[in-house]
Amino acid sequence: MTAMIDITSAKKTFTMHLQGGVELPVVRGVSFQVEPGECVVLSGPSGAGKSSILKMIFGNYRCDGGRIGIRHQGMVIDLATAEPRQVLSVRRTTIGYVSQFLRAVPRVATIDVVAEPLIANGIARAEARERAGALLRRLNIPERLWALPPSTFSGGEQQRVNIARGFISDLPILLLDEPTASLDAANRAVVVELIEQKKRQRVAMVAIVHDDEIRHLIADRIVDVTSFAAAA
Amino acid sequence: MAEPQDPMQDDQPLLVAEHLGKNYGRLTACRDVSFALYPGEVLAVVGESGSGKSTLLQLLSAQLAPSAGRVSYRMRDGVLRDLARLGEAERRFLFRTDWGYVHQDAAQGLRMAVSAGANVGERLMAVGWNHYGRIRDAASSWLERVEIDTARIDDAPRTYSGGMRQRLQIARNLVTEPRLVFMDEPTGGLDVSVQARLLDLMRNLVSELGLAAIVVTHDLAVARLLSHRVMVMKGGRVIETGLTDQVLDDPREPYTQLLVSSILPA
């Protein structure tokens, strides 16, 4: 396969044991591919399972059936059946994920939150911080905030920190869950630029964006998730 | 600082538990636990009081003899050895050098009446360091790393706050550059703000030193922050295991769902 992501008949159901074992089907028959340098946008109404699919590709949600093939270090790994160690390795060197909300350790400075993925991949602290600073500046986070933990920031600022953390690595796959949701027009434009840049670097991306204008700007292809809706 | 190392790429497990069990008379504290821990990997063992997680930690760290199964550890020569068959010298090497053990109650892991510097230096002397100046320098640099004012180096830990004691205990354990650290409720009994600082510190040290760790905790937030992988225990058995964020965000077993849903939102 040349695709970076190759999903075939992936399926997800939640079993809610605290609610008497109710089965909550989320998606089934999820099948699509993402090529290097391509941005696929998932579309569909809220609750259709877009975020769940993204989380399955990141290995955050377990997959109950089918296959999630990821090109990782020259091999294809099926995340639906991978060992925890393999999933961690995939996350370190192949898949980045920009979640909707920042989940940071309480006391860590913003600049270190952003630099951390680079340091985890063996890049020297000084260089990692320099790159983190450049990205924060580009996303209009004023330098006086860099030494503070992001937990005190506004929603939009936290999201930009989250975006910086997600975009800083040179990973070949990037998953974006509403990266522009609480940003103003200027910062939305920066994110669109960052996505363009990743495309030029042949990064394969899967994104969720509700804003039609942004979707139009970044999407190479749209995958409608409603066709994967699991019959209740 | 952080070397371009990736201990988790190591393909040989550091510690292997096979069908481990412990009975106290007719009471089963721990039953059929099997897993492999790799270098640089942090495993959290979660579950409520009485679930068997502390017994498991004692079995894994050779403080308790198993009733069934075995624990093997890869010694520095690369050979995996059954802990029950180690010689006295090898056991001493593990306890004094290659392993650390962080107790919930710092008073159990520290000598409360001797100075902080001596608490850290003692482990170095046990492995043959004998130059007072170098021992003191190492102790002082470790106090700095765990954010203890070096002006307090000659004070005994009984004059320290709970959070400082816990940080001192960590310094004492890490000074010999162990490859594996056992932690039993390391943030238990501390104020929330003190916990956050300690967790952040432990997280950094573990990743900078490429340490493997087994952390027993009933606090899922601790598991989320520190660990790569989690084992959920109930009634002495492991009922669910997997990547930490996977188990916490997509719990499968009824008991795990109950644990996760019982966290009070801050």
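Expressed to the nearest 0.5 Å, how far CD of A:Glu116 lies from CG of B:Asn204 amounts to 7.5 Å. Interatomic distance, B:Glu208 CD to A:Arg125 CZ, rounded to the nearest 0.5 Å: 5.5 Å. Remark: A:Arg85 CZ to B:Leu243 CG distance equals 11.5 Å, nearest 0.5 Å.
With a 4.5 Å cut-off on non-hydrogen atoms, B:Arg229 touches chain A through its side chain but not through its backbone. Neither the backbone nor the side chain of A:Lys55 comes within less than 4.5 Å of any heavy atom in chain B. Only the side chain of A:Phe14 has a heavy atom closer than 4.5 Å to any heavy atom of chain B. B:Arg224 touches chain A through its side chain: at least one heavy atom from C-beta onward sits under 4.5 Å away, while N, CA, C and O do not. For B:Thr244, no part sits under 4.5 Å from any heavy atom of chain A, backbone or side chain.
By number of non-hydrogen pairs under 4.5 angstrom with chain A, the leading residue of B:Leu258, B:Asp249, B:Val247 is B:Asp249.
Side-chain atoms of B:Gln246 never come within 3.5 Å of backbone atoms of A:Pro84 as a donor-acceptor pair (strictly under, hydrogens ignored).
Heavy atoms from other residues, nucleotides or ligands lying under 6.0 Å from CZ of A:Arg144 number 12 at most. Residue B:Glu147 qualifies as enclosed at atom CD: its count of foreign heavy atoms under 6.0 Å is above 12. Within 6.0 Å of atom CZ in B:Arg152, more than 12 heavy atoms from other residues, nucleotides or ligands are found, so the atom counts as buried in its surroundings. Within a 6.0 Å sphere centred on CD of B:Glu177, other residues, nucleotides and ligands contribute 12 heavy atoms or fewer. Counting heavy atoms of neighbouring residues, nucleotides and ligands inside a 6.0 Å radius, atom NZ of A:Lys198 exceeds 12 of them.
The shortest non-hydrogen separation linking B:Pro254 to A:Leu18 is O-CD2, 4.1 Å. Nearest approach of B:Asp245 to A:Gly59, heavy atoms of both residues: OD2-O, 4.4 Å. Residue A:Arg62 comes nearest to B:Thr241 through the heavy atom pair NH1-O, 4.0 Å, listed as atom of the first residue, atom of the second, then distance. Nearest heavy atom pair, residue B:Gln257 against residue A:His17, reads OE1-N, 2.8 Å.
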Q | CA sep, side-chain torsions, deciding dist, call: A:Met56, B:Asp250, side chain to side chain contact (heavy atoms under 4.5 Å, CB included) | A | CA-CA 10 Å; A:Met56 287 159 76; B:Asp250 183 14; over 6 Å; no

